[in-house]
2 protein chains.
Amino acid sequence: MVTALENDPDYRKMLRDAGLRVTPQRASIVTILSETDDHPNVEDLYEKVRALDDTVSVATVYRTMSVLENAGLVRKLVMDDAPARYEMMPHTEHDHLVDLESGDLVEIPGTEIAELMSRVAAELGYQIVSHHTVIRARKT
Amino acid sequence: MVTALENDPDYRKMLRDAGLRVTPQRASIVTILSETDDHPNVEDLYEKVRALDDTVSVATVYRTMSVLENAGLVRKLVMDDAPARYEMMPHTEHDHLVDLESGDLVEIPGTEIAELMSRVAAELGYQIVSHHTVIRARKT
DNA sequence: TTGACATTTGCGAATAATTCGCATTTACAT
DNA sequence: ATGTAAATGCGAATTATTCGCAAATGTCAA
């Protein structure tokens, strides 16, 4: 069985450090998600992962996304009218904008939005665990 | 048939002005949603509307929410792991925060967040059609 | 290294929110 | 009043996601 395990020991570590068991399926999924620079939904992800490792089931992709999200390794983007999409937790903070004409998901770089939200939440006596923002917009 | 039509001619006008047909079902739904200060999901709404007007079906509640959203009269709040919730389009701008302990949906007053988003989107050459932000947080 | 055991997986069935098809009713412009 | 496009109710269909369970497997302690 060919998996991503042997190729990318980094992902083993990332999973171990998060207190998660390292299974071939998880390694394959993380490998694919890390290599992908768009924001795949489960179906996209499943198809790509399958090409690398055909032992993976859809259910496992769902379960893995959930586990990784809880571990803070993955961010889930809940869409308005489409299946959720995922990305590896970014080191560079950004939010998301949906281009209503093309359907593209555009990244908005910068920490301003997050900082403002933290401030505003703090004023209400809350500490942000996560925030989820999707802006729908069209080109001017 | 008792409906909200006779009681609240304001809603007739609101619907007409938006170019929508005024049906008893729509009037009942708008009446209930307007009176409600929490953010009901379709099931909540359906139950309350039913008490007022038992000709309304769930499908119509869904369809009406969709129509009103497109008309800009209603805002849909897409939740992470629960059915969507709705509110009449607020005159006072605000965003939303989910209290992770209680599950409550708290309103964050103010236009700062929206303004910042507009600015940032403009920098990328976009004009915001709508933005949807849900912050998940816990009390400090 | 091995064994024990909790975790994870694949599979297909189940769930739950939302949409759809269609026959019937209805709002409203004329 | 009347014709017609739009809206409705009903239940069936769809679709993303979760679940149950038996089999497989990762990890940890000895």
Side-chain angles (χ1 to χ4, degrees), chain A residues 1 3-6 9 11-30 39-47 49-50 52-71 73-74 76-86, chain B residues 1 3-6 9 11-30 39-47 49-50 52-71 73-74 76-86:
Chain A
M1 175 174 45
T3 71
L5 270 179
E6 299 76 14
Y11 299 135
R12 295 189 75 105
K13 183 170 191 320
M14 165 184 277
L15 292 167
R16 297 306 298 282
D17 289 353
L20 302 175
R21 289 198 177 181
V22 182
T23 66
Q25 291 87 345
R26 286 178 179 175
S28 298
I29 291 169
V30 169
H39 303 77
N41 59 30
V42 166
E43 193 187 347
D44 300 334
L45 205 44
Y46 174 64
E47 279 168 19
V49 169
R50 271 263 149 176
L52 172 64
D53 176 352
D54 65 3
T55 72
V56 179
S57 71
V58 224
T60 293
V61 178
Y62 275 107
R63 281 184 291 224
T64 301
M65 285 304 100
S66 170
V67 162
L68 295 179
E69 191 194 3
N70 287 345
L73 298 177
V74 152
K76 178 181 187 178
L77 306 170
V78 177
M79 311 306 292
D80 208 47
D81 47 10
R85 299 167 70 163
Y86 298 88
Chain B
M1 173 174 47
T3 72
L5 270 180
E6 298 75 16
Y11 299 136
R12 295 188 76 105
K13 183 170 192 317
M14 166 185 276
L15 292 168
R16 298 304 299 281
D17 288 353
L20 303 176
R21 288 199 179 183
V22 182
T23 67
Q25 290 86 347
R26 285 179 179 174
S28 298
I29 292 169
V30 169
H39 302 78
N41 59 32
V42 166
E43 193 186 347
D44 300 334
L45 205 44
Y46 174 64
E47 278 167 21
V49 169
R50 271 263 149 174
L52 173 65
D53 175 354
D54 65 2
T55 72
V56 178
S57 70
V58 224
T60 292
V61 178
Y62 276 106
R63 280 184 291 223
T64 300
M65 286 303 101
S66 171
V67 162
L68 295 179
E69 191 195 3
N70 287 345
L73 298 176
V74 152
K76 178 180 187 179
L77 305 170
V78 178
M79 312 304 292
D80 209 46
D81 46 11
R85 300 168 69 163
Y86 298 87

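Order of the sequence lines sets the chain letters (A, B, ...), proteins ahead of strands, with each chain counted from 1. Values reported hereafter were calculated over all heavy atoms of this structure, with side chains retained and with hydrogens, waters and symmetry mates removed. Values in this document were obtained by computation on a predicted structure and should not be read as measured data.
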Derivation of the side-chain contact (heavy atoms from CB on, under 4.5 Å) call for A:I29 and A:T60: CA-CA 9 Å; A:I29 291 169; A:T60 293; 4.2 Å; yes

For D:dT8, does OP1 or OP2 lie under 4.0 Å from any side-chain N or O of B:T23? yes

side-chain contact (heavy atoms from CB on, under 4.5 Å) test vs A:V49 passes for just one of A:V56, A:D54, A:V58, A:V30, namely A:V56

A:E47 atom CD is separated from D:dA16 atom P, nearest whole Å, by 12 Å

Please determine if a side-chain N or O atom of A:R63 lies less than 4.0 Å away from the OP1 or OP2 oxygen of C:dT7. no

Separation of D:dG26 atom C1' from A:Q25 atom CD, nearest Å, is 11 Å

Closest to the side chain of B:A59, out of D:dT8, C:dT18, D:dC10, is D:dC10

Worksheet entry | Side chain to side chain, B:D81 and A:K76, heavy atoms closer than 4.5 Å | no

**Prompt:** Would B:N41 and B:M79 satisfy side-chain contact (heavy atoms from CB on, under 4.5 Å), going step by step from the backbone distance to the final call?
**Reply:** CA-CA 10 Å; B:N41 59 32; B:M79 312 304 292; over 6 Å; no

What's B:V58 touching, base or sugar-phosphate or nothing? Going by heavy atoms closer than 4.0 Å. nothing

**Asked** Counting only side-chain N and O atoms of A:R21, is one of them less than 4.0 Å from OP1 or OP2 of C:dC5?
**Response** no

Whole-Å distance, A:D80 CG to C:dT18 P, equals 11 Å

Whole-Å distance, A:N70 CG to D:dT18 C1', equals 14 Å

Ranking C:dT9, C:dC28, D:dT27 by distance to the side chain of A:R26, first place goes to C:dT9

Whole-Å distance, A:L15 CG to D:dG26 P, equals 13 Å

note: B:D44, atom CG; C:dA17, atom C1'; distance rounded to Å ~ 14 Å

Taken to the nearest whole Å, CE/A:M79 to C1'/C:dT18 is 17 Å

Taking D:dC10, C:dC11, D:dG26 as options, the one with an atom nearest any side-chain atom of A:P24 is D:dG26

Result for 5'-nearest mapping on DNA chain C, choosing between B:L20 and B:A82, is B:A82

Here the distance between atom C1' of D:dG11 and atom OH of B:Y62, to the nearest Å, is 15 Å

Ignoring hydrogens and geometry, is there a side-chain-to-backbone donor-acceptor pair from A:S66 to A:Y62 under 3.5 Å? no

